[in-house]
Amino acid sequence: MKIFDTQSQKLREFTPLEDDKVKMYVCGPTVYDSPHLGHARCYITWDMVYRYLKFKGYDVTYVRNITDVDDKIINKAKETDSTPEEIASKYYAEFEKAMQELNVSQPTIEPKATENINEMVDIIKLLVDKGFAYSVNGDAYFDVSKFIKYGRLSRQNIEDLKAGARVETSDIKKNPVDFALWKAVKDETELGWQSPWGKGRPGWHIECSAMSKRYLGETIDIHAGGSDLIFPHHENEKAQSEAAFGKDFVNYWMHNGFVRINQEKMSKSLRNFVTIQDVLDKYDANAIRFFILTNHYRMPVDFNDEALQAAKNGVKRLKNAYEDVKVEIGEEKIQEAKDLLSFLFDEIAKTGQIPFHRIDKMQELEEKIPAEIMNDIIIHFKNFIAAMDDDFNTPKALAIMFEMANCAQKARQLQKDESAAFCVGSLVKISEVLGFDLKKAEKAGDEVTAQLMDLIIDIRHMVRKEKNWALSDKIRDRLTAIGITLKDQKDKTTWSFQ
RNA sequence: GGCGACAUGGCCAAGUGGUAAGGCAGGAGUCUGCAAAACUCUUACCCCCAGUUCGAAUCUGGGUGUCGCCUCCA
């Protein structure tokens, strides 16, 4: 498996530091406002990576932090006449809800910055002791000139940074590029913690160094986040951690591209952001995930209504394959096929080999999977693995899902139920690895609606038997007008919300 | 100014040097009482110029254009 590493700027074969264990850290959100589509892209991307690594058989520890102490939170609290804690907990709740609705899996550990203040102070102390940091007036700064490798990750050199007009100058810093590890409170009422340098709060970058060390160790496999974090955030984290512990901080740095809107980056400062909730009001989680995964994770992706609509239509086709086959052969058969295939797929994913040594299992597979599609299924599946192994080429992986859907529909139309079951079973399996839920209805109706629909369809069935097309079409048209679509299939009629 | 990314059909998008996956939209057909869905077929001189090569979307150089980071940002 190859992963593009930001530091070396190339694809590198992925090898975990320790056996099959993967330690993965993703920079989480600062909870000071509603989560937007940019967050959706970021966390869906890393969720996909997490799911795929697990599928490959790795024992993944996935840490995604919550930044709940920060100037932006404090400012928001002042503006809204509330406390930083209230702001953080309010937006944290919104974030959690959005992640859940997007079918983003829960990380292994989701630590909060405020629960790791002592760990941060310890690192700062270590840095001061080692001479990599200095304190002035209750602040503590990292002395960039002491860390030779500074700039390695983002390929910046200190001189150029100084020359850039955007570096904040400050009288108390030794060097304009030095960054804050600890910031003294301005007055005693402000949010802060005691430290050897007085009451204050941590700088932005130190939290990730502290949490990464605490939950994963001094050197980790993967550290990921949005590409805007490369500099200065990740550069600074790296400097702190490596200076403090004297070890490489991260083996593979990964960064996702941005969501753009009208050719511009979507961001809070540009005020052009669309919240996740806005999008969820119109499109479901599958459509949003599809929209994001049709682009390679490192490329920018342009948000607009047509793109989301196209994604929605694409998902619909995949879901139709599942639903059409389900109507014909039943959910149990699909589930059975999927369970059987899971064994095969999991083995191939982990070892790259067809598990011929599992004689009993393989015999069962060969008996149950029609020979005519066995080969196709394995080839499709291997293509899927190859695509994903190539730096998570999800656009290619999606193309393979469409091939599986096509295989299922063709088999269904030829009345080859077994083949259809296995094609759709492999489609469902792969869709789950990518975090889709093809079984989910777009909108859930209540029990009464379901029963009413059964009744209406029943009555219409009788009308159609009498060839009263005028009335049966009228029923269908009226339902369409309320947003319910009827599909007359062979001997069954199904319905769904538009 | 420094660092970096991208330019492929109407739109989105993949692409390992040997003449272009896939999706959306459109068109035609099959199926269906009609629809819907599905299935089949259907449209590309890969931004420009030069070079390397038997051969380049793919490599090199030079343009042009768009975007990002260097200040908070996923």
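All values below were derived from every heavy atom in this structure, side-chain atoms included, with hydrogens, water molecules and symmetry-related copies excluded. Chain naming here is simple, since letters A, B, ... match the order of the sequence lines and numbering starts at 1 in each.
In this structure, the CG atom of A/Leu414 is 10 Å from the P atom of B/U40, given to the nearest Å. Across the protein-nucleic acid pair, A/Leu270 atom CG and B/A74 atom C1' stand 14 Å apart, rounded to whole Å. When the P atom of B/G23 is taken as reference, atom NZ of A/Lys319 falls 19 Å away, rounded to whole Å. Distance CE (A/Met388) to C1' (B/A14): 14 Å, rounded to an integer number of Å. Straight-line distance from the CD atom of A/Gln415 to the P atom of B/C31: 16 Å, rounded to whole Å. Taking atom CG on A/Asn313 and atom C1' on B/A38, their separation rounds to 15 Å, with Å as the unit. B/A74 atom P lies 6 Å from atom NE2 of A/His36, rounded to whole Å. A/Ile400 places its CD1 atom 14 Å from the P atom of B/A21, with the value rounded to the nearest Å.
Between A/Asp391 and A/Lys2, none of the side-chain N atoms (NZ, or NE/NH1/NH2) sits under 4.0 Å from a carboxylate O, so this pair counts as no salt bridge. Classification of A/Lys440 and A/Asp437 as a salt-bridged pair fails, no side-chain N sitting under 4.0 Å from a carboxylate O. Ion pair A/Asp417/A/Lys333 not flagged as a salt bridge, since none of the NZ, NE, NH1 or NH2 atoms sits closer than 4.0 Å to an Asp/Glu carboxylate oxygen. A/Asp390 has no carboxylate O lying under 4.0 Å from a charged side-chain N of A/Lys396, or vice versa, which leaves the two without a salt bridge.
Within 4.0 Å (heavy atoms only), A/Gln409 reaches sugar-phosphate atoms of the nucleic acid but no base atom. As judged by a 4.0 angstrom heavy-atom cut-off over every strand, A/Val259 is placed among the base-contacting residues. A/Gln263 comes within 4.0 angstrom of the backbone, heavy atoms only, and of no base. Within 4.0 Å of A/Lys487, counting heavy atoms only, lies at least one base atom of the nucleic acid. Counting non-hydrogen atoms under 4.0 angstrom, A/Tyr43 reaches the backbone sugars and phosphates but no base. Among the protein residues, A/Thr294 comes within range of the sugar-phosphate backbone only, with heavy atoms under 4.0 Å from sugar or phosphate atoms but none that close to a base. Residue A/Met299 is in sugar-phosphate contact alone, with no base atom involved, counting any heavy-atom pair closer than 4.0 Å across all strands shown. Residue A/Gly257 is classed as a base contact, given a heavy-atom separation below 4.0 Å to a base. Within the 4.0 angstrom heavy-atom criterion, base atoms lie near A/Ala399. At a threshold of 4.0 angstrom between heavy atoms, the contacts of A/Leu398 with the nucleic acid are absent.
Out of B/A35, B/C70, B/A14, the shortest distance to the side chain of A/Asp488 is found at B/A35. The A/Asn320 side chain lies nearest to B/A37 when the options are B/A14, B/G4, B/A37. Considering only side-chain atoms of A/Gln9, the nucleotide from B/C67, B/G4, B/A21 that sits closest is B/G4. Of the candidate nucleotides B/C39, B/A36, B/C34, B/C34 has the atom nearest to the side chain of A/Arg464. Side chain of A/Phe290, nearest nucleotide from B/G23, B/C67, B/C69: B/G23. Set against B/C67, B/C72, B/C3, the side chain of A/Pro232 has B/C72 as its closest nucleotide. Closest to the side chain of A/Arg317, out of B/C67, B/A74, B/C39, is B/C39. Of the candidate nucleotides B/A38, B/A13, B/A74, B/A13 has the atom lying nearest to any side-chain atom of A/Asn295. Here B/U40 is the nucleotide among B/G33, B/U40, B/A14 with the atom lying nearest to any side-chain atom of A/Lys410.
With respect to A/His223, the ring-ring contact (aromatic ring centres under 6.0 Å, His included) criterion is satisfied by exactly one of A/His233, A/His255, A/His234: A/His234.
Across B/C67 and B/A25, the matching P atoms stand 29 Å from one another, rounded to whole Å. The separation of B/G4 from B/U42, taken at their C1' atoms, amounts to 41 Å, rounded to a whole angstrom. Nucleotides B/U43 and B/G10 are separated by 13 Å at their P atoms, to the nearest Å. Distance noted for atom C1' between B/U16 and B/A57: 13 Å (whole Å). B/C31 and B/U40 have their C1' atoms separated by 11 Å, given to the nearest Å. Only the C1' atoms considered, B/A7 is 10 Å distant from B/C46, to the nearest whole Å. Rounded to whole Å, the separation between the C1' atoms of B/C54 and B/G15 comes to 23 Å. Annotation: B/C48 and B/C11 have their P atoms spaced 15 Å apart (nearest Å).
Lacking a ring centre under 5.5 Å from that of the base six-membered ring together with a plane angle below 30°, A/Phe402 does not count as stacked on B/G22.
Within the shown strands, nothing qualifies as a pairing partner of B/A44 under the Watson-Crick or G-U definition with both distances less than 3.5 Å. The partner of B/U66 is B/A5, by the rule that a Watson-Crick or G-U pair needs both atom distances under 3.5 Å. Across the strands present, B/G17 finds no partner; the criterion is a Watson-Crick or G-U wobble pair with both atom distances under 3.5 angstrom. Pairing for B/A50 is with B/U60, a Watson-Crick or G-U wobble pair whose two hydrogen-bonding atom distances lie under 3.5 Å.
Contact check, A/Lys265 against B/C69: a side-chain N or O comes under 4.0 Å of OP1 or OP2. Distances shorter than 4.0 Å separate some side-chain N or O of A/Asn406 from OP1 or OP2 on B/U40. One finds a side-chain N or O of A/Asn393 lying less than 4.0 angstrom from the OP1 or OP2 phosphate oxygen of B/G15.
The base of B/C34 is paired with the side chain of A/Arg476 by a donor and an acceptor separated by under 3.5 Å. Checked by distance alone, A/Arg155 brings no side-chain donor or acceptor within 3.5 Å of a matching partner on the base of B/G2. Counting distance only, with no hydrogens placed and no angle test, the side-chain atoms of A/Asp473 and the base atoms of B/G33 include a donor-acceptor pair under 3.5 Å.
Mapped onto RNA chain B by nearest heavy atom, A/Thr485 and A/Phe231 fall at different nucleotides, with A/Thr485 at the one closer to the 5' end.
A tilted orientation is assigned to the rings of A/Tyr50 and A/Tyr62, their planes being inclined by 30° to 60°.
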Please walk me through it: do A/Phe142 and A/Tyr150 pass ring pair (Phe, Tyr, Trp, His ring centres under 6.0 Å)? CA-CA 11 Å; A/Phe142 187 89; A/Tyr150 193 80; 7.0 Å; no
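Remark: A/Arg12 is positioned above the aromatic ring of A/Tyr252, its terminal NZ or CZ atom under 6.0 angstrom from the ring centre and at most 45 degrees off the axis.
For A/Tyr43 and A/Phe95, the distance between ring centers is under 6.0 angstrom.
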